[in-house]
Number of protein chains: 2
Amino acid sequence: MSETTGRLLRLLSLLQARPAWAGEELAQRLEVTDRTLRRDITRLRELGYPVEATPGRYGGYRLVAGGAIPPLLLDEDEAVAVAWGLRTAAAWALPGFEDPAVMALAKIEQVLPARVQERIRALSDATVRVGTQFPSEGRLDVGTLVAVARARQTPERLRFVYRDGSGRESERHVEPYQLVHAGRRWYLFAWDRDREDWRSFRVDRMSAVQPTGMRFQRREDAPDAATFVAEGLAVGVYSYRARVVLHCPIDEARRLVSPTAAVLEEDGDRTLMRIGADDLDWIARYLAGMPVRFTVLEPSELVEAICDLAERLRADAAQAVTPAEPGSAP
Amino acid sequence: MSETTGRLLRLLSLLQARPAWAGEELAQRLEVTDRTLRRDITRLRELGYPVEATPGRYGGYRLVAGGAIPPLLLDEDEAVAVAWGLRTAAAWALPGFEDPAVMALAKIEQVLPARVQERIRALSDATVRVGTQFPSEGRLDVGTLVAVARARQTPERLRFVYRDGSGRESERHVEPYQLVHAGRRWYLFAWDRDREDWRSFRVDRMSAVQPTGMRFQRREDAPDAATFVAEGLAVGVYSYRARVVLHCPIDEARRLVSPTAAVLEEDGDRTLMRIGADDLDWIARYLAGMPVRFTVLEPSELVEAICDLAERLRADAAQAVTPAEPGSAP
DNA sequence: TCAATGCGGACCGGAACTGTCCACATATCG
DNA sequence: CGATATGTGGACAGTTCCGGTCCGCATTGA
């Protein structure tokens with residue numbers, strides 16, 4: 001049953017696995033005659049997936065760009081690579097693509113076998129954090145983010161434990177309305193069932209997230225999520241906000257600085273960078289890691305943090321085994 | 001024609017877009033009766049995609065993990081996010097997943113409209129390099145990597161311009177056999193048609209890559225690619241190799257250091273790190289960016305590089321506008 | 001207990017699919 | 001130029017499948 005659909009998917013999979021195929025080879029793989037293969041090709045085209053054919057010697061079929069985006073048929077390892085990449089994208093919160101990344105991640109993680117999900121989690125725990133270089137304080141659990149995104153899409157009520165600014169934990173039961181990404185962090189805008197009011201939650205402070213399976217009707221009178229969250233944030237997202245002039249043109253700065261890490265502005269042939277963090281030492285290390293000279297405008301504490309870092313580096317360097325000969329580490 | 005196949009794909013797409021659906025809603029969206037919907041669900045199950053159904057109030061269908069990985073149906077933005085993530089994964093060369101990442105990237109970039117590819121290229125130019133923090137010398141063009149991967153898969157002859165170690169450029173015409181990832185770099189192992197011999201090429205030194213469209217028969221007597229490349233590398237992949245003791249347990253080090261950037265070994269409650277680069281200053285900056293103390297074992301030039309960096313930081317800090325008041329940058 | 005929800009058998013008419021046969025168009029190679 | 005390899009698509013016939021309709025059953029939650 002459903003022979004042809006399965007075959008079309010297999011055909012699509014073959015066309016994706018290799019850029020070009022001879023018709024006869026495809027027909028053999030699919031165990032149909034060449035005539036049927038041609039009909040299948042036509043069907044794919046009718047579905048909006050452009051297959052280009054070239055006649056003559058070295059001719060054949062290839063799936064090309066242009067029409068609808070065809071279903072991606074991935075094997076397990078490829079799926080792991082995709083999921084890992086998306087986790088990175090979501091954690092970096094690639095500007096303009098926060099949402100698609102999380103959506104795509106929800107799609108793919110929903111269907112991957114549990115043991116594969118384990119592998120992904122292990123991998124991304126090991127690597128994502130390095131890439132982002134966020135201060136360790138606000139580590140985002142991408143699994144939580146995906147769980148929240150899915151609940152909001154069903155839509156389905158959610159239970160979780162929330163740790164507020166002062167470290168107190170409370171259990172919450174909410175109806176999720178919207179995920180908002182602001183200032184390098186993710187927020188959930190939701191209706192709190194117990195408090196009977198709208199609330200926003202920092203996703204990195206949520207834990208033990210449990211979808212309840214209970215669907216709900218979205219309220220008509222929901223305020224605008226972005227506005228609501230923005231108001232809550234108005235006062236200080238970060239403990240420190242720094243302004244630094246980088247001694248390089250803005251183009252070079254763009255290549256060095258992740259758009260999610262800081263805001264850049266042109267300043268003649270130099271670049272003004274605004275960066276926020278809860279930890280001045282983190283900013284100092286960030287600056288030290290860049291291959292450009294700079295000038296701190298504010299805050300003055302940052303100057304101290306940089307001096308401290310320089311001192312620390314000098315001390316570490318001084319400690320080096322001077323003969324520089326191997327034969328140490330046991 | 002092919003009514004049912006298209007409908008099955010749409011159904012799959014719906015099931016991916018939202019975790020749970022009521023049968024009636026699905027039937028309405030697909031414009032069929034509920035009986036036909038049930039038949040479609042059965043068809044999906046027969047194709048190996050497990051759809052779970054729960055009866056009763058709040059029941060419905062959901063696509064679950066377990067069977068084959070279903071075709072991923074992405075919209076354009078999601079595809080961009082996926083492609084961006086994969087580029088990151090390929091450039092980082094996530095250990096064990098270098099190949100799947102490049103394969104998946106080839107699959108998806110093959111079918112994305114040109115303007116979307118432009119967006120991806122712009123995005124990843126801006127961000128990937130930051131994440132990797134590679135020395136600027138060896139910047140890998142992921143587009144080149146994908147082009148090579150596809151040619152090797154067809155398999156199809158390839159023309160490109162190669163810049164060798166001494167900077168000389170030459171045009172090459174090769175039959176690509178294998179991509180090998182070693183020491184943070186990608187190599188192409190191929191048969192050089194003009195020189196009539198096996199060669200390996202560093203992908204970051206290839207440019208103007210052009211698939212010729214001419215397919216070829218793989219030779220039987222091809223040597224093992226990994227071995228061949230490894231031999232070529234035996235002498236110095238990097239100009240400098242450093243050994244540094246990090247003053248933290250290996251677990252913490254693992255979270256701080258990308259597995260592709262350096263090799264870590266336990267050393268009591270500390271960690272021995274081996275790291276290679278063509279630029280000592282890059283290593284110095286890498287160390288400065290980490291929130292741990294360290295001791296350099298070798299080379300002694302690295303100690304100097306760190307002192308230089310510390311001096312530079314101090315100088316930059318000293319240059320700061322001392323009153324630390326805004327109102328500068330025009 | 002009732003309502004909402006999913007399940008699947010039976011039937012039937014119409015539509016779709018496949019293989020076969022065939023004439024044709026378009027490249028590449030010698 | 002001709003031979004060969006490759007893709008194109010019409011026509012036909014037999015078979016299969018598909019979708020709608022109707023119906024009774026099973027499971028879940030309020």
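Each chain gets a letter, A, B and so on, in the order its sequence line appears, and its residues count up from 1. Side-chain atoms are counted along with the backbone in the values below, which use heavy atoms only and exclude waters and symmetry mates. A quick note: this is a predicted structure, and the numbers were derived from the prediction, not measured.
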Review point. Roughly how many Å is it from CG in B:Leu37 to P in C:dG6, rounded to a whole number?
Key: 8 Å

Study note, to complete from the structure: DNA chain C nearest-nucleotide lookup for A:Asp40 and A:Pro55: closer to the 5′ end is A:Asp40

Point to revise | A:Phe201 and its ring-ring contact (aromatic ring centres under 6.0 Å, His included) partner, picked from A:Trp191, A:Tyr187, A:Tyr162, A:Phe228 | key: A:Tyr162

**Study point:** Side chain of A:Thr4 (C-beta onward), nearest among C:dG6, D:dG20, C:dT18
**Key:** C:dT18

Check your understanding: Within a strict 4.5 Å, meaning less than it, do heavy atoms of the A:Glu46 and A:Thr42 side chains meet?
Key -> yes

Review point. B:Leu26 has an atom CG; how far is it from atom P of C:dT5, in whole Å?
Key: 12 Å

Practice item. Report yes if at least one side-chain N or O of B:Arg215 is closer than 4.0 Å to OP1 or OP2 of D:dA5; otherwise report no. Key: no

Exercise for review: In whole angstrom, give the distance that lies between atom CD of B:Glu25 and atom C1' of C:dA4.
Suggested key: 15 Å

Point to revise | Nucleotide D:dT28, atom C1' - distance to CE of A:Met214 in whole Å | key: 14 Å

Practice item. Dump the intermediate steps for side chain to side chain contact (heavy atoms under 4.5 Å, CB included) on B:Arg193 and B:Arg172, then the final yes or no. Key: CA-CA 8 Å; B:Arg193 298 206 77 210; B:Arg172 305 293 182 126; over 6 Å; no

Review point. Want to settle it: does B:Arg38 or B:Gly59 sit nearer the 5' end of DNA chain C, counting the closest nucleotide to each?
Key: B:Gly59

Check your understanding: Taking only N and O in the side chain of A:Thr33, is any of them less than 4.0 Å away from OP1 or OP2 of C:dT18?
Key -> no

Review point. Counting only side-chain N and O atoms of A:Arg35, is one of them less than 4.0 Å from OP1 or OP2 of D:dG10?
Key: no

Review point. Under 3.5 Å, side chain of A:Tyr177 to main-chain N/O of A:Arg219, donor-acceptor pair present?
Key: yes

Review point. OP1 or OP2 of C:dG19 less than 4.0 angstrom from a side-chain nitrogen or oxygen of A:Thr36, does that happen here?
Key: yes

**Study point:** B:Arg39 vs C:dG6: side-chain N/O to OP1/OP2 distance below 4.0 Å
**Key:** no

**Study point:** Flag if over 12 foreign heavy atoms under 6.0 Å of CZ, A:Arg218
**Key:** yes

Practice item. Name the nucleic acid region contacted by A:Arg45, choosing base, sugar-phosphate or nothing; use a 4.0 angstrom heavy-atom cut-off, strictly under. Key: sugar-phosphate

Exercise for review: Could you walk me through whether B:Arg205 and B:Asp164 pass salt bridge (Lys or Arg N to Asp or Glu O under 4.0 Å), step by step?
Suggested key: CA-CA 7 Å; B:Arg205 289 182 167 165; B:Asp164 69 14; over 6 Å; no

Check your understanding: C:dG19 C1' sits how many Å from A:Glu31 CD, rounded?
Key -> 15 Å

Revision key, fill the gap. Whole-Å distance, A:Asp34 CG to D:dG7 P, equals 9 Å

Practice item. Enumerate the residues from residues 7-23 of chain B whose closest heavy atom to DNA chain D is under 4.0 Å, giving them by residue number; use none for an empty result. Key: B:Arg7

Exercise for review: Any chance you could lay out the side chain to side chain contact (heavy atoms under 4.5 Å, CB included) test for B:Glu109 and B:Arg150, step after step, and finish with the verdict?
Suggested key: CA-CA 11 Å; B:Glu109 294 215 334; B:Arg150 286 180 45 194; 5.6 Å; no

Exercise for review: Round to a whole Å and report the spacing from OH of A:Tyr61 to C1' of D:dT6.
Suggested key: 8 Å

**Study point:** For atom CD of A:Glu46 and atom C1' of C:dC17, their distance in whole Å
**Key:** 13 Å

